[in-house]
Amino acid sequence: MSRVQNSGFYKLLFLMTPEQVQRVVELLAAQQARFHQTNYGQQQDEVEQVLAAYAAYYRHYTAPVRPEGYRSFVYSVVVTVDGQTAGYAVRGTGLAFPDGDRWAQHELPYVMLSLPKGYRMDEADGEHYRYEDIRVHLPQTYALYEQVAAEVKRCTRPLRFLARGAEGLQEQKPAVRISPEALSALSEGWLWQQYGLVVKD
């Protein structure tokens with residue numbers, strides 16, 4: 001079997017309010033998830049620290065005036081289910097959009113939660129390995145991902161907006177989901193206003 005089979009990641013792209021993200025974090029915490037910063041020290045944060053970090057990231061982009069500095073939101077999430085350990089990655093990232101005949105200098109924020117599709121299995125010779133379907137080998141881990149995805153989808157919808165292109169306003173259809181409450185806050189923030197973005201109903 002090719003090692004590239006079952007490679008890649010399940011990905012969930014979204015932006016929600018801090019209050020809505022709390023429910024997602026609680027779903028992970030209920031499975032004794034450990035939230036590690038991805039810096040050199042791999043510091044483990046408590047749920048309250050994770051939520052505070054997300055709130056700061058979210059408010060950086062929804063503030064009416066652009067704050068100083070830059071806010072990041074990056075964690076490695078380790079979950080042990082039925083004695084099997086798996087890792088999720090969660091990080092704030094940016095969505096590029098046009099601004100006239102070039103890309104905008106800034107990007108719209110969203111969070112990506114990802115889970116590897118493959119589960120590494122060592123071959124009998126001890127030197128080679130292959131990736132098998134994580135849904136088969138860690139079904140409860142995948143079930144937790146599905147539970148989180150269902151919660152995100154329950155309170156979000158696909159992000160649709162208009163941005164200035166070279167020939168006028170152009171509809172943007174990214175693979176990002178956003179809650180109505182987060183969209184309302186984002187559309188009143190400095191970044192949205194600076195680029196004259198328009199909410200598409």
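- In terms of heavy atoms, His36 sits closest to Gln42 at ND1-O, 3.2 Å.
- Side-chain polar atoms of Glu26 and Gln22 form a donor-acceptor pair below 3.5 angstrom.
- The closest side-chain heavy-atom distance from Gln170 to Pro98 is below 4.5 Å.
- The two residues Cys155 and Ser179 make their nearest non-hydrogen contact at O-CB, 3.1 Å.
- Contact of the Phe35 side chain with the Leu28 side chain is registered, since non-hydrogen atoms from C-beta on lie closer than 4.5 Å.
- Taking 4.5 Å as the limit, some side-chain heavy atom of Pro174 sits within range of a side-chain heavy atom of Arg160.
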Return all side-chain donor-acceptor pairs below 3.5 angstrom for residues 101-110, not counting sequence neighbours, or 'none' if the list is empty.
| residue | atom | partner | partner atom | Å |
| --- | --- | --- | --- | --- |
| His106 | ND1 | Tyr195 | OH | 2.8 |
| His106 | NE2 | Arg66 | NH1 | 3.2 |

Which atom pairs, donor and acceptor, lie under 3.5 Å between side-chain atoms of residues 10-19 and protein residues at least two apart or in another chain?
| residue | atom | partner | partner atom | Å |
| --- | --- | --- | --- | --- |
| Tyr10 | OH | Arg135 | NE | 3.1 |
| Thr17 | OG1 | Glu19 | OE1 | 3.4 |
| Thr17 | OG1 | Gln20 | N | 3.2 |
| Thr17 | OG1 | Gln20 | OE1 | 3.2 |

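- Note: His60 and Trp190 have perpendicular aromatic rings, judged against thresholds of 30 and 60 degrees for the angle between ring planes.
- Neither Tyr145 nor Val136 shares a network with the other; the hydrophobic side chains, linked directly or stepwise wherever heavy atoms of I, L, V, M, F, W or Y lie under 4.5 Å apart, form separate groups for each.
- Hydrophobic cluster membership differs between Val78 and Val111, with clusters built from Ile, Leu, Val, Met, Phe, Trp and Tyr side chains linked at under 4.5 angstrom.
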Test Trp192 against Leu183 for side chain to side chain contact (heavy atoms under 4.5 Å, CB included), laying out the working first.
CA-CA 10 Å; Trp192 195 278; Leu183 179 58; 4.0 Å; yes

Are Leu169 and Arg164 close enough, and set up right, to give a side chain to side chain contact (heavy atoms under 4.5 Å, CB included), and what steps lead you there?
CA-CA 4 Å; Leu169 290 177; Arg164 292 189 297 252; 4.0 Å; yes

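- By the 4.5 Å heavy-atom criterion applied to side chains, Tyr88 and Val148 are not counted as neighbours.
- Interatomic distance, CG of Leu113 versus CZ of Arg91, reported as 11.5 Å (0.5 Å rounding).
- In this structure, Lys173 NZ and Phe161 CZ are separated by 12.5 Å, a value rounded to the nearest 0.5 Å.
- Between Val77 and Val90, the shortest heavy-atom distance links the atoms CG2-CG1, 3.8 Å.
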For the pair Leu197 and Leu162, evaluate side chain to side chain contact (heavy atoms under 4.5 Å, CB included) and give the outcome as yes or no after the intermediate values.
CA-CA 6 Å; Leu197 305 178; Leu162 303 175; over 6 Å; no

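- The two residues Ala56 and Arg71 make their nearest non-hydrogen contact at O-CG, 3.7 Å.
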Apply side chain to side chain contact (heavy atoms under 4.5 Å, CB included) to Phe73 and Tyr58, showing your working.
CA-CA 9 Å; Phe73 180 71; Tyr58 176 85; over 6 Å; no

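- Taking all atoms of both residues into account, the shortest heavy-atom contact from Ala86 to Leu138 is CB-CD1, 3.9 Å.
- Using a 30° and 60° split on the angle between ring planes, Tyr61 and Tyr57 fall in the perpendicular class, above 60°.
- A continuous path of hydrophobic side-chain contacts links Tyr70 to Leu186 [ILVMFWY only; heavy atoms under 4.5 Å].
- Hydrophobic clustering (ILVMFWY, side-chain heavy atoms < 4.5 Å, transitive): Tyr142 and Met112 are in one cluster.
- Rounded to the nearest 0.5 Å, atoms CD (Glu181) and OG1 (Thr156) are 10.5 Å apart.
- Side chains of Thr38 and Ser76: a donor-acceptor N/O pair is absent below 3.5 angstrom, by distance only.
- Summarising the geometry of Lys153 relative to Arg177, their closest heavy-atom pair is O-NH2, 3.6 Å, with the distance given to 0.1 Å.
- A side-chain donor-acceptor contact under 3.5 Å links Ser187 to the backbone of Ser184.
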Mind listing the side-chain donor-acceptor pairs of residues 43-52 below 3.5 Å, one per line with the distance, residues two or more places apart or on another chain?
| residue | atom | partner | partner atom | Å |
| --- | --- | --- | --- | --- |
| Gln43 | NE2 | Asp45 | OD1 | 2.9 |
| Asp45 | OD1 | Gln37 | NE2 | 3.3 |
| Asp45 | OD2 | Gln37 | NE2 | 3.0 |
| Asp45 | OD2 | Tyr75 | OH | 2.6 |
| Gln49 | OE1 | Glu46 | N | 2.7 |

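- For the pair Leu159/Leu95, a side-chain contact is recorded, criterion being any heavy-atom separation below 4.5 Å from C-beta on.
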